[in-house]
Amino acid sequence: MGRLNGKVAVITGGALGIGRATTLRMAEEGCAVAICDVLVSEANAFVDELVGAGFEACFWPLDVSREAEVDKAFNAVAERFGRIDILVNNAGVVGANKPTDQLTEAEWDYVQNVNVKGVFFATKHVIPHLRRAGGGSIINLSSIYGLVSAADVPPYHASKGAVRLMTKTDALTYAADRIRVNSIHPGFIWTPMVEGFVQDMGNEAEARVSLAALHPLGHVGEPDDIAWGCVYLASNEARFVTGAELVIDGGYTAR
Ligand SMILES: NC(=O)c1ccc[n+]([C@@H]2O[C@H](COP(=O)([O-])OP(=O)(O)OC[C@H]3O[C@@H](n4cnc5c(N)ncnc54)[C@H](O)[C@@H]3O)[C@@H](O)[C@H]2O)c1
């Protein structure tokens, strides 16, 4: 407890899944949390729970692919909490699961707009706030799909590969400002995103067994498995860690 005392974190996509677990763990570690998401009622209900439990939490409705919304929300967070120290670039979408030759331009753009341009806009607009705070930590949710391939979701693979290298470039660019930038690469984690993916695979029971078998540890992960990685990268314990890839995948990429 108290690993993030006095800090302020912005978590994009904080209403559900990995973002929600990360928000809760960060709040428990003493951090004020700002949830930015497109899901208004889910986020408001979550903030009510957090505030009811005695944590400092607020929600700003925001689509990460819209630059003006990102800029406005981050300024509002800084005004409300006095500073921003941590950004978790977590909002993401899977998009169309079709072979490349069958994808439309709109399907391609949808995924890049949220997963890549969203990380760009959020990083761009948080930098002045982190500089004012004297440094900070940016955590980008890439994926095992940003490290190795699989014969599915081509736009998603492209987007997560981009996030991996955006992370390293920004780590080098902002190191002098004491702003650390790292990526996390989860294996499959039980969230609404993966529930949807499994439902699209047809036989749901079989799909669950085959997904688990992809991970040498023998099961799919839980949102908390990633949330604790985010807490670590956000904390002073990770003060010498930047440009790193934190792989949390039950051994998926170890083969
Ligand atoms: N679940 C997994 O197995 C897994 C594996 C590897 C990487 N990831 C990555 O982790 C991140 C979180 O995934 P998840 O499984 O929790 O997803 P999820 O779909 O369960 O939750 C995503 C959250 O992001 C929000 N969001 C989506 N588009 C948004 C936008 N344009 N603006 C603001 N918010 C938006 C959603 O409303 C939701 O609250 C994503 O970047 C995902 O690609 C997930």
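Whatever order the structure lists them in is the order used to number ligands and atoms, beginning at 1.
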Do [X] and [Y] sit within salt-bridge range, that is, some charged N less than 4.0 Å from a carboxylate O?
X: K117; Y: E67; answer: no
X: E42; Y: R20; answer: no
X: K72; Y: E69; answer: no
X: D85; Y: R83; answer: yes

Which ligand 1 atoms are under 4.0 Å away from a heavy-atom of [X]?
X: D63; value: 30 (C), 31 (N), 32 (N)
X: P186; value: 5 (C), 6 (C), 7 (C)
X: V114; value: 28 (N), 31 (N)
X: L141; value: 10 (O), 41 (O)
X: F188; value: 3 (O)
X: G17; value: 16 (O)

What protein heavy atom sits nearest [atom], and how far off is it?
atom: atom 19 (O) of ligand 1; answer: M193 CB, 3.3 Å
atom: atom 35 (C) of ligand 1; answer: A91 CB, 3.6 Å
atom: atom 14 (P) of ligand 1; answer: T191 OG1, 3.6 Å
atom: atom 36 (C) of ligand 1; answer: D37 OD1, 3.5 Å
atom: atom 27 (C) of ligand 1; answer: G92 O, 3.9 Å
atom: atom 5 (C) of ligand 1; answer: G187 O, 3.3 Å
atom: atom 24 (O) of ligand 1; answer: G13 CA, 3.3 Å
atom: atom 40 (C) of ligand 1; answer: N90 O, 3.1 Å

* Examine ligand 1 and decide if any of its atoms is less than 4.0 Å from a heavy atom belonging to A43. =>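 Heavy atoms of A43 never come under 4.0 Å of ligand 1.
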* Asked: Going by heavy atoms, is K160 under 4.0 Å from ligand 1?
  ->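 True for this residue.
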Could you tell me whether [X] approaches ligand 1 through its side chain, its backbone, both or neither, with non-hydrogen atoms closer than 4.0 Å?
X: I189; result: both
X: V194; result: side chain
X: S142; result: backbone
X: R20; result: neither
X: L62; result: backbone

* Asked: Is any side-chain heavy atom of Y156 closer than 4.5 Å to a side-chain heavy atom of S143?
  ->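 The answer is yes; the side chains approach within 4.5 Å.
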* Would a 4.5 Å heavy-atom cut-off, applied to side chains only, mark Y174 and L130 as touching? ->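 Side-chain contact under 4.5 Å: no.
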* Would you say W108 and V153 are hydrophobically clustered, going by side-chain heavy atoms of ILVMFWY under 4.5 Å? ->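 Different hydrophobic clusters.
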* Is the charged tip of R66 near the ring of F121: under 6.0 Å from the six-membered ring centre and within 45° of its axis? ->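 Because its charged atom misses either the 6.0 Å distance or the 45° angle limit, R66 does not stack over F121.
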* **Face-on cation placement of R208 at W190 ring, 6.0 Å and 45° thresholds** =>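 Yes.
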Any N/O of [X] closer than 3.5 Å to an N/O of ligand 1?
X: S143; answer: no
X: V64; answer: yes
X: I18; answer: yes

* To do: Determine, considering heavy atoms only, which of F197, Y156, Y252 sits nearest to atom 42 (C) of ligand 1.
  =>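 Nearest option to atom 42 (C) of ligand 1, by heavy atoms: Y156.
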* Side chains of S65 and N113: do they bring a donor and an acceptor to under 3.5 Å? ->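 Side chains of S65 and N113: no pair found under 3.5 Å.
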* Whether H215 and F188 hold their rings parallel, tilted or perpendicular, with breakpoints at 30° and 60° ->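 Ring orientation of H215 relative to F188: perpendicular.
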* To do: Answer yes or no: does atom CZ of R3 have more than 12 heavy-atom neighbours from other residues, nucleotides or ligands under 6.0 Å?
  =>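 Yes, CZ of R3 has more than 12 neighbouring heavy atoms, counting only those of other groups under 6.0 Å.
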* Take atom OH in Y110; do more than 12 heavy atoms of anything else shown fall under 6.0 Å from it? ->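 Not more than 12 within 6.0 Å, no.
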* Would F74 and H125 count as a close aromatic pair, with their ring centres under 6.0 Å? ->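 Aromatic pair excluded; centres sit 6.0 Å or further apart.
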* Asked: If every non-hydrogen atom of M201 is compared with every non-hydrogen atom of S210, which pair is closest and at what distance?
  ->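 Shortest heavy-atom contact: CE-OG, 4.5 Å.
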